[in-house]
Peer 1: 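My questions will all concern the structure given below.
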Amino acid sequence: MSCLQSWPEPIVRVQSLSESGIKSIPERYIKPLLHRPSLKTDNFDDDFKDNPDHPRINIPVIDLQDMFSSNKALRDETLRHISDACREWGFFQVVNHGVNHELMRSAREVWRQFFKLPVEVKQEYANSPSTYEGYGSRLGVEKGAKLDWSDYFFLHYMPQSLRNQSKWPALPSSCRELVAEYGEQVVKLCGELMKMLSVNLGLGEDQLQDAFGGENIGACLRVNFYPKCPQPDLTLGLSSHSDPGGLTLLLPDENVAGLQVRRSGNNWVTVKPIPNAFIVNIGDQIQVLINFPPTFR
């Protein structure tokens, strides 16, 4: 508990609040009216909202299988789809990406098991101001911030010099092994995507990756846990934001469509996760190169 006392204000675990049986959420989690979830869905283009035959919009879904084909025309077509998705959305889903599907399911499940552990076990991995790594929850009440209805776990994966496996949970017993294997495959996929983005920007395929550090490129893992909420209309699991890095790969819960992205203006679109897909989010640093600001919550 000593690491909790080193924060400038008390840390409250949202999961503990949820499991305490409260019927209303504390004031510090209630978002301003304009920032609350909207019951109105904006999954239709304005020109087609009155057309019942118009399909609901989803972010682009891109099959990467043709990128590994010897057929240049197929590869070029896939690159064009990626370019269009980056410029029009800043987000897309990828399938046939090379990451083992069973590994994806196992990674989701092992983190579910971690968050089911007794709080005193999870507290052994609590983060502190000296390192963001570990088990955490949002803070900022003393500065007037409204908190998110979520807890998280954060760790460094790359470069190897920052990797500290003692920060990785020892329970469940398979967690460390799964994190290592999952991280290896996801970093490899990110490298392939960086090559595709680099080519689409008219650069050499390794130029973008090299600009982010080459073999010493940074990669981290953040697991967000969203406990049940008695008043979900008043708060958000994660406030609207853009990612500061280059590229984010999100492994969603296929059974919960909670992620919303903003395509333009104030129109929020709820993403419908595709089975065995990753959601790719272009971060701020690459956004500067393609001049499109992807935002999500």
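FYI, side chains are in, hydrogens and waters are out, and symmetry mates aren't considered; it's all heavy atoms of this structure. In this chain, numbering begins with 1 at the start of the sequence shown.
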Peer 1: Are Asn100 and Glu181 side-chain neighbours, meaning at least one heavy-atom pair lies under 4.5 Å?
Peer 2: no

Peer 1: Could you tell me the separation between the CG atom of Asp63 and the CG atom of Asn96, rounded to the nearest 0.5 Å?
Peer 2: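 Here the rounded value is 4.0 Å.
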
Peer 1: Considering only NZ, NE, NH1 and NH2 on the basic side and carboxylate oxygens on the acidic side, decide whether Arg80 and Asp76 come within less than 4.0 Å.
Peer 2: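 Salt bridge absent between Arg80 and Asp76.
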
Peer 1: Closest heavy-atom contact between Pro159 and Gly218?
Peer 2: CD-CA, 4.0 Å

Peer 1: Look only at the side chain of Tyr226 and the backbone of Gly258, and say whether a donor-acceptor pair between them is shorter than 3.5 Å.
Peer 2: no

Peer 1: What heavy-atom pair brings Met194 and Ile217 nearest, and what distance separates the two atoms?
Peer 2: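 Result for this residue pair: CE-CD1, 4.3 Å.
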
Peer 1: Do Gln15 and Val119 have side-chain heavy atoms sitting under 4.5 Å apart?
Peer 2: no

Peer 1: Less than 4.5 Å apart, any side-chain heavy atom of Cys190 and any of Leu249?
Peer 2: yes

Peer 1: Taking the side chain as C-beta and beyond, is there a heavy-atom pair between Arg36 and Asp233 under 4.5 Å?
Peer 2: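 Sidechains of Asp233 and Arg36: no contact.
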
Peer 1: Less than 4.0 Å between a side-chain N and a carboxylate O, is that true for Glu254 and Arg108?
Peer 2: yes

Peer 1: Is there a path of hydrophobic side-chain contacts, each under 4.5 Å between heavy atoms, that joins Trp89 and Val61?
Peer 2: no

Peer 1: Could you tell me if the ring centre of Tyr132 sits under 6.0 Å from that of Tyr152?
Peer 2: yes

Peer 1: With a distance cut-off below 6.0 Å to the six-membered ring centre and an angular limit of 45° from the axis, does Arg13 pair with Tyr135 as a cation-pi contact?
Peer 2: yes

Peer 1: CE/Met67 to NE2/His97 distance, rounded to the nearest 0.5 angstrom?
Peer 2: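 Atom-to-atom, Met67:CE and His97:NE2 are 15.5 Å apart.
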
Peer 1: Are Lys122 and Phe114 packed together at the side-chain level, in the sense that at least one heavy-atom pair is separated by less than 4.5 angstrom?
Peer 2: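 Sidechains of Phe114 and Lys122: in contact.
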
Peer 1: In terms of side-chain heavy atoms, does Gln231 have a donor or acceptor partner in Ser24 at a distance below 3.5 Å?
Peer 2: no

Peer 1: Transitively linked via ILVMFWY side-chain contacts under 4.5 Å: Leu162 with Val179?
Peer 2: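 Shared cluster, no.
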
Peer 1: Less than 4.5 Å apart, side chain to side chain, heavy atoms only: is that true for Asn276 and Val95?
Peer 2: no

Peer 1: So, Ser242 side chain and Asp284 main chain: donor-acceptor pair closer than 3.5 Å or not?
Peer 2: no

Peer 1: Within the distance-only criterion (no hydrogens, no angle test), does the side chain of Asp243 pair as donor or acceptor with the backbone N or O of Gly245 below 3.5 angstrom?
Peer 2: no

Peer 1: Side-chain heavy atoms nearer than 4.5 Å, only ILVMFWY residues, links allowed to pass through others: does that put Ile274 and Leu103 together?
Peer 2: no

Peer 1: As an exercise, state the distance from CG of Leu208 to CG of Leu247, rounded to the nearest 0.5 Å.
Peer 2: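 Answer for the CG-CG pair, Leu208 versus Leu247, is 9.0 Å.
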
Peer 1: Can you name the closest pair of heavy atoms from Ala180 and Trp168 and give their distance?
Peer 2: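 Looks like N-CZ3, 3.9 Å.
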
Peer 1: Restricting to non-hydrogen atoms, name the atom on Ser240 and the atom on Trp268 that form the minimum distance, rounded to 0.1 Å.
Peer 2: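 The pair with the smallest heavy-atom distance is CB-CH2, 3.7 Å.
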
Peer 1: For the hydrophobic clusters of this structure (ILVMFWY residues joined by side-chain heavy atoms under 4.5 Å, transitively), does one cluster hold both Leu64 and Val199?
Peer 2: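 Same hydrophobic cluster.
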
Peer 1: Between Gln260 and Val271, is a side chain to side chain contact (heavy atoms under 4.5 Å, CB included) present by the stated rule, with each step listed?
Peer 2: CA-CA 6 Å; Gln260 292 185 316; Val271 176; over 6 Å; no

Peer 1: What pair of heavy atoms forms the shortest contact from Ile59 to Ile279, and how long is it?
Peer 2: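 Minimum heavy-atom separation between Ile59 and Ile279: CD1-CG2, 4.0 Å.
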
Peer 1: With rounding to the nearest 0.5 Å, note down the distance linking CG in Leu155 to CD in Glu133.
Peer 2: 6.0 Å

Peer 1: Nearest 0.5 Å, please: how far is SG in Cys86 from CZ in Phe91?
Peer 2: 11.0 Å

Peer 1: Looking only at heavy atoms, which two atoms of Ile25 and Cys229 are closest? And how far apart?
Peer 2: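 Where Ile25 meets Cys229 most closely, the heavy atoms are CG2-SG, 3.7 Å.
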
Peer 1: Test salt bridge (charged side-chain N to carboxylate O under 4.0 Å, His left out) on Lys146 and Glu27; report intermediate values, then the result.
Peer 2: CA-CA 8 Å; Lys146 292 295 184 179; Glu27 176 69 24; 3.2 Å; yes

Peer 1: More than 12 heavy atoms of other residues, nucleotides or ligands under 6.0 Å from CD of Glu215: is that the case?
Peer 2: no

Peer 1: Side chain of Asp66, backbone of Glu77: donor and acceptor closer than 3.5 Å?
Peer 2: no

Peer 1: Is the backbone of Leu74 close enough, under 3.5 Å, to the side chain of Thr78 for a donor and an acceptor to pair up by distance?
Peer 2: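 Present.
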
Peer 1: Between Asp148 and Ser239, is there a donor-acceptor pair closer than 3.5 Å when you use the side chain of the first and the backbone of the second?
Peer 2: yes

Peer 1: Do side-chain atoms of Ser150 reach the backbone of Gly237 as a donor and acceptor pair under 3.5 angstrom?
Peer 2: yes

Peer 1: Please report the C-alpha distance between Leu189 and Phe278 in whole Å, then the side-chain angles of each, then the deciding distance to 0.1 Å, and finally whether the side chain to side chain contact (heavy atoms under 4.5 Å, CB included) criterion is met.
Peer 2: CA-CA 10 Å; Leu189 171 59; Phe278 282 103; 3.8 Å; yes

Peer 1: Is there a donor-acceptor pair under 3.5 Å between the side chain of Ser106 and the backbone N or O of Glu102?
Peer 2: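 Between the backbone of Glu102 and the side chain of Ser106 there is a qualifying donor-acceptor contact (under 3.5 Å).
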
Peer 1: Is there a chain of hydrophobic side chains (I, L, V, M, F, W, Y, each step under 4.5 Å between heavy atoms) that links Leu221 to Leu171?
Peer 2: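 Yes; Leu171 is reachable from Leu221 via cluster members.
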
Peer 1: Applying side-chain hydrogen bond (donor to acceptor under 3.5 Å, both in side chains), which residue pairs with at least one partner in residues 155-166 are found, sequence neighbours left out?
Peer 2: Asn164-Ser166

Peer 1: Would you say that more than 12 heavy atoms from the other residues, nucleotides or ligands in this model lie under 6.0 Å from the CD of Glu177, or not?
Peer 2: no

Peer 1: Met196 and Glu192: side chain to side chain contact (heavy atoms under 4.5 Å, CB included), yes or no, with the steps?
Peer 2: CA-CA 6 Å; Met196 299 173 202; Glu192 294 298 328; 4.2 Å; yes

Peer 1: Side-chain contact test, heavy atoms from C-beta onward, threshold under 4.5 Å: evaluate it for Leu236 versus Pro37 and give yes or no.
Peer 2: yes

Peer 1: Quick one: do Ser198 and Glu205 satisfy side chain to side chain donor-acceptor pair (under 3.5 Å)? Show the steps, please.
Peer 2: CA-CA 5 Å; Ser198 194; Glu205 68 171 21; over 6 Å; no

Peer 1: Using modelled atom types only, decide if a donor and an acceptor are shared between the side chain of Trp149 and the backbone of Pro227 within a distance under 3.5 Å.
Peer 2: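 The answer is yes, because a donor-acceptor pair under 3.5 Å joins these two groups.
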
Peer 1: Evaluate the side-chain proximity of Lys23 to Pro230: yes if any heavy-atom separation is below 4.5 Å, no if none is.
Peer 2: no

Peer 1: Among Phe225, Phe115, Trp111, which one satisfies ring-ring contact (aromatic ring centres under 6.0 Å, His included) with Phe153?
Peer 2: Trp111

Peer 1: Report the distance from atom CG of Leu193 to atom CD1 of Ile82, rounding to the nearest 0.5 Å.
Peer 2: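 With rounding to 0.5 Å, CG (Leu193) is 6.5 Å from CD1 (Ile82).
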
Peer 1: Are Arg112 and Asp253 ion-paired here, with the side-chain N under 4.0 Å from a carboxylate O?
Peer 2: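 Judged by the 4.0 Å cut-off on N to carboxylate O distance, Arg112 and Asp253 do form a salt bridge.
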
Peer 1: Any sub-3.5 Å donor-acceptor pair from Gln93's side-chain atoms to Val280's backbone N or O?
Peer 2: no

